Number of protein chains: 4
Amino acid sequence: MAEQDKKTRILNAAMKIFACKGYQYTTIAEIAKEAGVSKGLVHVCFENKLDILLDVILFFIDTVNDLINQKLARCTNPVEKLHAVFAALMELMSQSSRNLYWGHILKEVLPDTEKIKDENLKKKYALIIGGARQLQLTLDELIADGQRQGLIESSLKPQIIRQIIGGSSQMLYQGLILESHGRRVMGYTEEDVRDGIVTLIDKFVIK
Amino acid sequence: MAEQDKKTRILNAAMKIFACKGYQYTTIAEIAKEAGVSKGLVHVCFENKLDILLDVILFFIDTVNDLINQKLARCTNPVEKLHAVFAALMELMSQSSRNLYWGHILKEVLPDTEKIKDENLKKKYALIIGGARQLQLTLDELIADGQRQGLIESSLKPQIIRQIIGGSSQMLYQGLILESHGRRVMGYTEEDVRDGIVTLIDKFVIK
Amino acid sequence: MAEQDKKTRILNAAMKIFACKGYQYTTIAEIAKEAGVSKGLVHVCFENKLDILLDVILFFIDTVNDLINQKLARCTNPVEKLHAVFAALMELMSQSSRNLYWGHILKEVLPDTEKIKDENLKKKYALIIGGARQLQLTLDELIADGQRQGLIESSLKPQIIRQIIGGSSQMLYQGLILESHGRRVMGYTEEDVRDGIVTLIDKFVIK
Amino acid sequence: MAEQDKKTRILNAAMKIFACKGYQYTTIAEIAKEAGVSKGLVHVCFENKLDILLDVILFFIDTVNDLINQKLARCTNPVEKLHAVFAALMELMSQSSRNLYWGHILKEVLPDTEKIKDENLKKKYALIIGGARQLQLTLDELIADGQRQGLIESSLKPQIIRQIIGGSSQMLYQGLILESHGRRVMGYTEEDVRDGIVTLIDKFVIK
DNA sequence: GATGAATGAGCTTTCATTCAT
DNA sequence: AATGAATGAAAGCTCATTCAT
């Protein structure tokens, strides 16, 4: 209970600071301070810094996959599903209002992952890779389904379409966040982003 | 002359290693070794590690802007220009065949940039921001032009379209690189990527 | 009563783990776990980690001294006594079947003893030193007695003879333990060790 | 040259402090200070603390083996050889006038050696074990030779005799060192020790 | 009495940076 | 101009010890 509570607080603190400063520039001391606990406790709850990151990413992926499955259950049409899934993702990014792209972060941290020897961490890493893979497969299958039903255009592979829509979403949100941090002027709003993605998806829909 | 030569070698070495391992995980010692010079010389040619990165990014942005301007000069039609610009960008990403997204790296390194006190570095940083801004503006103007001429659809802001096409390009290439590093199976080829971007751009073109 | 019980369990646990891993590498957490009590309780029963060690050593020294006095009471002849004492020591080492040489451990821990400020600990430390001294004196006196009675050769000081017999015993047993831990092949058995010590003692006996 | 010099200085400093305080209580900072170099340099010259220790032990073992072989070359008679070898060892212990029993230290550090993953360290460790083994074998062979020639008594295994003489030497010298550190009154001199060992060896010689 | 969550001092280790040569 | 030995600040991590419950 208390432990879970602290673990969650550390996780939230880590999520926040990783998002602001990037994994590598974040120190355990900062996470501890932000979470209002001691450095030592961080190492009681987590094996090491990488372990924290893996948990953050895992939490994020789980949230995303849950959200998506939930949305998928409510639609039948692949096109509706696609819209629903990306709407959900945008909502999540908006909610979290954090510059946390686990995609980016995983990439930033890849050199570190090669050092993973600990079995627990290996498992977590495998879960993450599996979760990410699952997300991809779900989307690809969705698009392929639409293509088979003649609802989505077939000139491009599902993977390409998935990457286009996904990449656009990420970049558009990243722009918003950069703007909110005052580091850039992008000249568009969250409203524009949502419209953009809806429009983009519809481009691949056969009317 | 000799100095320029050394500086270029260091820059190339840095570009290569930053691309492989990320800025943070790259050590000056590695750069020096790769460049075939001493660690000391690196600090003679550059103020510090960040300075190297800024130069790398600056070089990249300059290359991109030059390439784009060169391509733009050869076309008149905004749609042709758009295709030409992104074709050029893809070619560049392909050529460099390096996991070097200055966008990513700039983001990775942002926390470090806040420490910039040195006037020279401040100037370089401003140049980079200016260059990136310039690239954005060029693209936005191009799209806006197309919209004014009725060649590109006007339902979305130019910034949104630019971000969609740019983001898609980046994500698609990132997937290729991940695959080439054996870290993911994406299931598409460079050919697919080029087709995807051409198709994507055409989606915004009014026929 | 209950406290005594807990204290004994902690002491036994500590003895076991100190013996296996050495004082420094043993953590309070391990001792607590082995003893089946909480970490907190360890600090209720003992001032600190060093206090536990001092108690372990004290227990060991007391056991040795008791055993020796017991054996000495049964013999009259100095040579018999000498044999009896070392037979008892060997038996003890064999019984404990633990790699616990308080001599070694005291040495390992000496730097820590300099930090002793607490009066209780100072007293315990003094008791240990006194006990060790007592053991030495008993042996030396025994040998001196034998020399005076013309039973033990007088060309060497009693201290030298004591150190030779004691050192040999320790080294021989240490070899056995190393072998039992699979870290060395010594090529002798406990039987050989006992024979060796008996033979060694007899070398100093005048026939 | 400079590097070798520093490495030697660090090694000497480490030897001295390991000897005084034990491996585990010695910090890199202390070694660096004693050697008159920075902490960083210690890690330039050695992989880590354990690496330093292994080098110290290796140096010691090499010195011992060299010294012994040198002595052995000058004698023909096994008994003479035995005397020569232990005389050499005593001389070495006396010279080094340091409380450095690599036997003790190896034992103290054994838990740490199980963590050895690095290939270089594994090799060093193997060299040490091999060197120690070699030393044992040399002595055992020497004693066995003497037994075969009817010069040394055969009632005890060579290993037992070796362990007795070796253990006695160590204990006697340890006593001297404890005394010199003011931690004990042993009541014998270096002279007594040398006499003791000579006498002890002669006990196993058949006249 | 007993617990174990929480602490933080102190350690090893890394590496950008300096500077004597 | 060029080197690389040397530095030391700063990070991750361990664990004896404390204390609210």
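Predicted, not measured: the structure shown is a model, and the values here were computed from it. Proteins get letters first, then strands, A, B, ... in listed order; numbering begins at 1 in each.
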Please tabulate, for the side chains in residues 26-35 of chain B, all donor-acceptor contacts under 3.5 angstrom to protein atoms that are two or more places apart in sequence or on a different chain.
unit_1, atom_1, unit_2, atom_2, d
T26(B), OG1, G22(B), O, 2.7
T27(B), OG1, E30(B), N, 3.2
T27(B), OG1, E30(B), OE1, 3.3
E30(B), OE1, T27(B), N, 2.9
E30(B), OE2, K21(B), NZ, 2.5
E34(B), OE2, K16(B), NZ, 3.1

Practice task
Heavy atoms only: give me the nearest L58(C)-L127(C) pair and the separation to one decimal.
Solution key: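 Heavy atoms only, the tightest pair is CD1-CB, 3.8 Å.
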
Problem - Heavy-atom closest pair, residues I128(B) and I61(B) - result: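 Minimum heavy-atom separation between I128(B) and I61(B): O-CD1, 3.6 Å.
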
Practice task
Sugar-phosphate atoms are those with a prime plus P, OP1 and OP2; base atoms are the rest. Using that split, label each nucleotide of nucleotides 11-21 of chain F B, S or - for protein heavy atoms under 4.0 Å, 5' to 3'.
Solution key: SSBB-SBB---

Starting from [atom2] on [N], measure out to [atom1] on [X] and report it in whole angstrom.
X	N	atom1	atom2	answer
K21(A)	dA10(F)	NZ	C1'	13 Å
K33(C)	dG4(E)	NZ	C1'	14 Å
I10(C)	dG1(E)	CD1	P	12 Å

Practice task
Output yes when a side-chain donor or acceptor of Y25(A) lies under 3.5 Å from a complementary backbone atom of F18(A), and no otherwise.
Solution key: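 No; zero donor-acceptor contacts below 3.5 Å.
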
Practice task
Would you classify V37(D) as touching base, sugar-phosphate or nothing, given that sugar-phosphate means primed atoms plus P, OP1 and OP2, and contacts are heavy atoms under 4.0 Å?
Solution key: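 Result for V37(D) = sugar-phosphate.
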
Problem - Non-neighbouring partners of K124(C) that pass salt bridge (Lys or Arg N to Asp or Glu O under 4.0 Å), sequence neighbours left out - result: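 Once residues adjacent in sequence are excluded, the partners of K124(C) under the salt bridge (Lys or Arg N to Asp or Glu O under 4.0 Å) criterion are D51(C), D55(C).
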
Practice task
Could you summarise the pairing of DNA chain F as dot-bracket text, marking Watson-Crick and G-U pairs under 3.5 Å with ( ) or [ ] inside the strand and | across strands?
Solution key: .||||||||||||||||||||

Exercise for the section: Mind checking side-chain hydrogen bond (donor to acceptor under 3.5 Å, both in side chains) for N120(B) and listing every partner two or more places apart, or none if nothing turns up? Expected result: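 Here the qualifying residues are E47(B).
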
Handout entry: Separation between CG of L41(A) and NZ of K7(A), rounded to the nearest 0.5 Å
Key =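 With rounding to 0.5 Å, CG (L41(A)) is 11.0 Å from NZ (K7(A)).
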
Handout entry: Closest listed nucleotide, where the reference is the side chain of S38(D) and the choices are dA2(E), dA6(F), dA6(E)
Key =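 Closest of the options to the side chain of S38(D): dA6(F).
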
Problem - side chain to side chain contact (heavy atoms under 4.5 Å, CB included) partners for T63(D), two or more places apart - result: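 Partners of T63(D) by the side chain to side chain contact (heavy atoms under 4.5 Å, CB included) criterion, ordered by chain and then number, come out as F59(D), L92(D).
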
